[in-house]
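Okay, structure first, notes after.
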Protein chains: 2
Amino acid sequence: MATRRRGAELDDAIRAAALDLLASGGPSAVTMEAVAGAARTSKAVLYRRWPDSRALLRDTLVGMARAAIPHEDTGSYRGDMLAVLRGWAALFTGPQAGMLRGVVAAAVQDEQLAETLARDLIGHRKAQMAELLERGVERGDVRADVPVHIARELGQSVLWHRLLVSGDPIDDDLVVELVDEVLVPFVAPRA
Amino acid sequence: MATRRRGAELDDAIRAAALDLLASGGPSAVTMEAVAGAARTSKAVLYRRWPDSRALLRDTLVGMARAAIPHEDTGSYRGDMLAVLRGWAALFTGPQAGMLRGVVAAAVQDEQLAETLARDLIGHRKAQMAELLERGVERGDVRADVPVHIARELGQSVLWHRLLVSGDPIDDDLVVELVDEVLVPFVAPRA
DNA sequence: ATCCGAAGAAACGCTTGCGTTTCTTGCCCG
DNA sequence: CGGGCAAGAAACGCAAGCGTTTCTTCGGAT
């Protein structure tokens, strides 16, 4: 052991360890004992920073959230939605899939976690989708009276449903089909 | 205690107790100790019938499943879908909502349970929706080349998404809007 | 140089559920 | 009417994980 870590340095090491455990074993792997072990520190150090293990998990999740699903303007509603849904599909079929399902499961059982996610993540996503639609309206490939509260979640819903409920496969054909057969017609200006 | 229960009688009492616990406390409440207590029997009796607690939970869930979401022919695709989605919406906003979320969470963590549900429940629902669409095709209010694998889950997906992920409210306006703005146009024969 | 706050280590008791075991008690069948 | 099988009751050891506590050991700020 080189030197005893303190303050921010130790803090970062703990968060990194928690993130590792979350990614590899899901939310239930983020225990005080496991994090302390993985960060080569002790539980007392953790309890000095978080009131309980759920708080540490919430913190870890919010920290991780900034990463996923970038969001840029491709110049068309179709292109934007393809990019967004392909981002989700990649997450749902990649190595993170299990962890995502675990997070949803954890949120079901932990009201505080559910609130945190709703406020810090889902709200963010909703706003992004609303912007995407707004751009389309200004551009003219989305009708002005589109029901935003439906359009913003319609595509994602199917992917989540497959991930969490039906278990049906998620692939690029599905994404393209959703965009071209469902979403674009739904938001298109009426002839 | 009148007389010592045996065989089928005891069996039924155990299943009823498990069902109670499932409904009131979710899947995690279906523990061997709790079921034995609620059925006024002992754990040894349970272990004589099920290899472990997860098997008992699976059994209980499958037994319960036959109840939900009836399915009749209303004479139109619109009517059928309204009935189906209103059924889901009622489940998702009623007292069973927490239990349903818990079941999904449990299935995430228990591969065997997930398989059981996929085989005994979700397969059943998929078949029902395929029939519903087939009736529409024959009747003429659903186009023959409708992408069944999307149409059969599109409406439900949004409701599940709100229940499990976004937490957004589910009400009858949403159901009607989904049917009239999304589903009916999507399956309607092309002009 | 020293000293106080934090890090680190290691126990502790508590709780919950598991799955097993032992023993007694009753009921039904032959 | 009696013997065997299953019900019922209670205890056991095990495993995790929690949150706490105690004690030692650093090391940076004064």
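Numbers restart at 1 for each chain; the letters A, B, ... are given by sequence-line order, proteins then strands. Note: hydrogens, waters and symmetry copies are ignored here, and every other heavy atom, side chains too, is used.
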same_hphob_cluster(B/F92, A/V104) at 4.5 Å side-chain heavy-atom cutoff: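 Yes; tracing contacts between hydrophobic side chains, which count when under 4.5 Å, links both residues.
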
Within 45° cone of B/F186 ring axis and under 6.0 Å: B/R143 NZ or CZ: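 B/R143 over B/F186 ring: yes.
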
Taking [X] first and then [Y], would you say they form a salt bridge - that is, a charged N and a carboxylate O separated by under 4.0 Å?
| X | Y | answer |
| --- | --- | --- |
| B/D168 | A/K126 | yes |
| B/R125 | B/E153 | no |
| B/D73 | B/R139 | yes |
| B/D141 | B/R78 | no |

Whole-Å distance separating the [atom1] atom of [X] from the [atom2] atom of [N]:
| X | N | atom1 | atom2 | answer |
| --- | --- | --- | --- | --- |
| A/L46 | D/dT21 | CG | C1' | 16 Å |
| B/L10 | D/dC5 | CG | P | 18 Å |
| A/R40 | C/dA7 | CZ | C1' | 13 Å |
| A/W50 | D/dC18 | CH2 | P | 14 Å |
| B/M32 | C/dG19 | CE | C1' | 9 Å |
| B/Y47 | D/dA6 | OH | C1' | 18 Å |
| A/E9 | C/dA7 | CD | P | 11 Å |
| B/R54 | C/dG17 | CZ | C1' | 14 Å |

Phosphate contact (D/dG8 OP1 or OP2) by B/T41 side-chain N/O below 4.0 Å: yes

Distance below 4.0 Å between B/R48 side-chain N/O and C/dT20 OP1 or OP2: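 Negative; the distance criterion is not met.
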
Approximate separation, where rounding is to 0.5 Å, of A/Q112 CD and A/D52 CG: 7.5 Å

Atom CD of B/E177 with >12 non-hydrogen neighbours under 6.0 angstrom: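 Count over threshold, so yes.
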
Contact nearer the 5' end of DNA chain C, comparing A/V45 with B/S28: A/V45

Strand-adjacent residues in residues 102-112 of chain B, judged by heavy atoms under 4.0 Å from DNA chain D: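 Heavy-atom contacts with DNA chain D come from no residue of residues 102-112 of chain B; none.
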
A/L154 side chain reached by A/L183 side chain, heavy atoms, under 4.5 Å: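 Sidechains of A/L154 and A/L183: in contact.
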
Under 4.0 Å protein heavy-atom contacts per nucleotide of nucleotides 10-16 of chain D, with B for base, S for backbone only and - for none: -------

Sugar-phosphate, base or nothing in reach of A/R49, heavy atoms under 4.0 Å: sugar-phosphate

